[in-house]
Student: 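Just passing along the structure, written as structure tokens.
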Amino acid sequence: MTLKVGDRLPDAKFKIMTADGPAELTTGELTGGKTVVLFGVPGAFTPTCHNNHLPGFVEHAETLKSRGIDEIAVVSVNDVFVMDAWKQATTPSGNITFLADTAAEFVQSAGLGMGPVPIFGHVRSQRFALIVKDGVVTFQAVEEPGGGTAKTGAAAILEALG
């Protein structure tokens, strides 16, 4: 079942990179008491994700935060080292949290996985965007496979926030 507005995020653990090395972050820790934009991408450094999807959130991070977003996070079915390398290459300011869903635990339980995809070799994340308030989905969009980022990019989130 795919998440929908009004649903609580499933319990899952992400891998994140900290100053002390890899660590875990749960969905509860990510969203508890906060309003979070959580967007998913099929893969770090892939053309649409790297050149189109992530840059809008980097560019509009401060505007999103001025409209009540406490945290912006991107999730992908990659390992924590790849996600950290992507973060270092794109957002040295650290205004976006990079979440590794290494075994697709979150995307599968949220109904947002796809695959296995031949180009990637295993299950990956669909391209999606959520606004989550204290663990509950208040906005949800999923792109069609092979589509762009019109429904899930930063501009769509800004529009949803009004």
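Just the heavy atoms: all of them, side chains too, but no hydrogens, waters or symmetry mates, feed the values below.
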Student: Quick one: do V107 and L25 end up in the same hydrophobic cluster if we chain Ile, Leu, Val, Met, Phe, Trp and Tyr together by side-chain heavy atoms under 4.5 Å apart?
Tutor: yes
Student: Assign the ring pair F57 / F39 to parallel, tilted or perpendicular, where the plane angle (0 to 90°) is split at 30° and 60°.
Tutor: parallel
Student: What I want to find out is whether K15 reaches E24 closely enough, with some N-O distance under 4.0 Å, to be called a salt bridge.
Tutor: yes
Student: May I ask you to test the F98-L54 pair for a side-chain heavy-atom distance under 4.5 Å?
Tutor: yes
Student: Can you confirm whether T26 sits close enough to D11 that some side-chain heavy atom of one is under 4.5 Å from a side-chain heavy atom of the other?
Tutor: no
Student: Do you know the tightest heavy-atom contact between D79 and T102?
Tutor: CA-OG1, 4.1 Å
Student: Please name the pair of heavy atoms, one in G43 and one in S76, separated by the smallest distance, quoted to 0.1 Å.
Tutor: CA-OG, 3.3 Å
Student: So do the side chains of F128 and V75 get within less than 4.5 Å of each other, counting heavy atoms only?
Tutor: yes
Student: Go through W86 and V41 one step at a time and tell me if the side-chain contact (heavy atoms from CB on, under 4.5 Å) criterion holds.
Tutor: CA-CA 12 Å; W86 196 28; V41 298; 3.9 Å; yes
Student: Please tell me if the side chains of T31 and L9 come closer than 4.5 Å, counting only heavy atoms from C-beta onward.
Tutor: yes
Student: Indicate yes or no: at least one non-hydrogen side-chain atom of V80 is less than 4.5 angstrom from one of F14.
Tutor: no
Student: Kindly compute the distance separating NE2 (H53) from CD (E143), expressed to the nearest 0.5 Å.
Tutor: 6.5 Å
Student: Less than 4.5 Å apart, any side-chain heavy atom of V36 and any of I69?
Tutor: no
Student: What heavy-atom pair brings M114 and S125 nearest, and what distance separates the two atoms?
Tutor: CE-O, 3.4 Å
Student: Pair D7, K4 - check salt bridge (charged side-chain N to carboxylate O under 4.0 Å, His left out), show working.
Tutor: CA-CA 6 Å; D7 288 348; K4 60 187 179 307; 3.5 Å; yes
Student: When you measure from the side chain of T149 to the backbone N and O of T152, does any donor-acceptor pair fall under 3.5 Å?
Tutor: no
Student: Just verifying a value: how many Å separate R67 CZ and E62 CD, rounded to the nearest 0.5 Å?
Tutor: 13.0 Å
Student: So, for T2 and G111, which heavy atoms are closest and what is the spacing to 0.1 Å?
Tutor: OG1-O, 3.1 Å
Student: Measuring only between side-chain heavy atoms, which start at C-beta, is D134 closer than 4.5 Å to K34?
Tutor: no
Student: So L64 and L158, side-chain contact (heavy atoms from CB on, under 4.5 Å) or not? Walk me through it.
Tutor: CA-CA 7 Å; L64 287 162; L158 286 167; 3.6 Å; yes
Student: Give the minimum heavy-atom separation between L30 and A73, together with the two atoms involved.
Tutor: CD1-CB, 4.2 Å
Student: Taking it one step at a time, do L99 and M83 satisfy side-chain contact (heavy atoms from CB on, under 4.5 Å)?
Tutor: CA-CA 7 Å; L99 305 169; M83 291 301 282; 5.6 Å; no
Student: Pick one: which of I157, V132, V37, L130 meets side-chain contact (heavy atoms from CB on, under 4.5 Å) with F139?
Tutor: I157
Student: Using only atom types and a distance under 3.5 Å, with no angle test, would you say the side chain of T138 pairs donor to acceptor with the backbone of I131?
Tutor: yes
Student: Could you give the distance from NZ (K13) to CG (D101), rounded to the nearest 0.5 Å?
Tutor: 13.0 Å
Student: Measuring from atom CD of E105 to atom OG1 of T27, what distance do you get when rounded to the nearest 0.5 angstrom?
Tutor: 8.5 Å
Student: Do you know which two heavy atoms are closest between T35 and G68, and how far apart they sit?
Tutor: CB-O, 3.5 Å
Student: To the nearest 0.5 Å, tell me how far L112 CG sits from Q140 CD.
Tutor: 7.0 Å
Student: Out of curiosity, does V82 fall in the hydrophobic cluster containing M17 (side-chain heavy atoms, cut-off under 4.5 Å, transitive links)?
Tutor: no
Student: Do N95 and I72 touch side chain to side chain, with heavy atoms closer than 4.5 Å?
Tutor: no
Student: Does atom NZ (K65) have a neighbourhood of more than 12 heavy atoms from anything else shown, all under 6.0 Å?
Tutor: yes
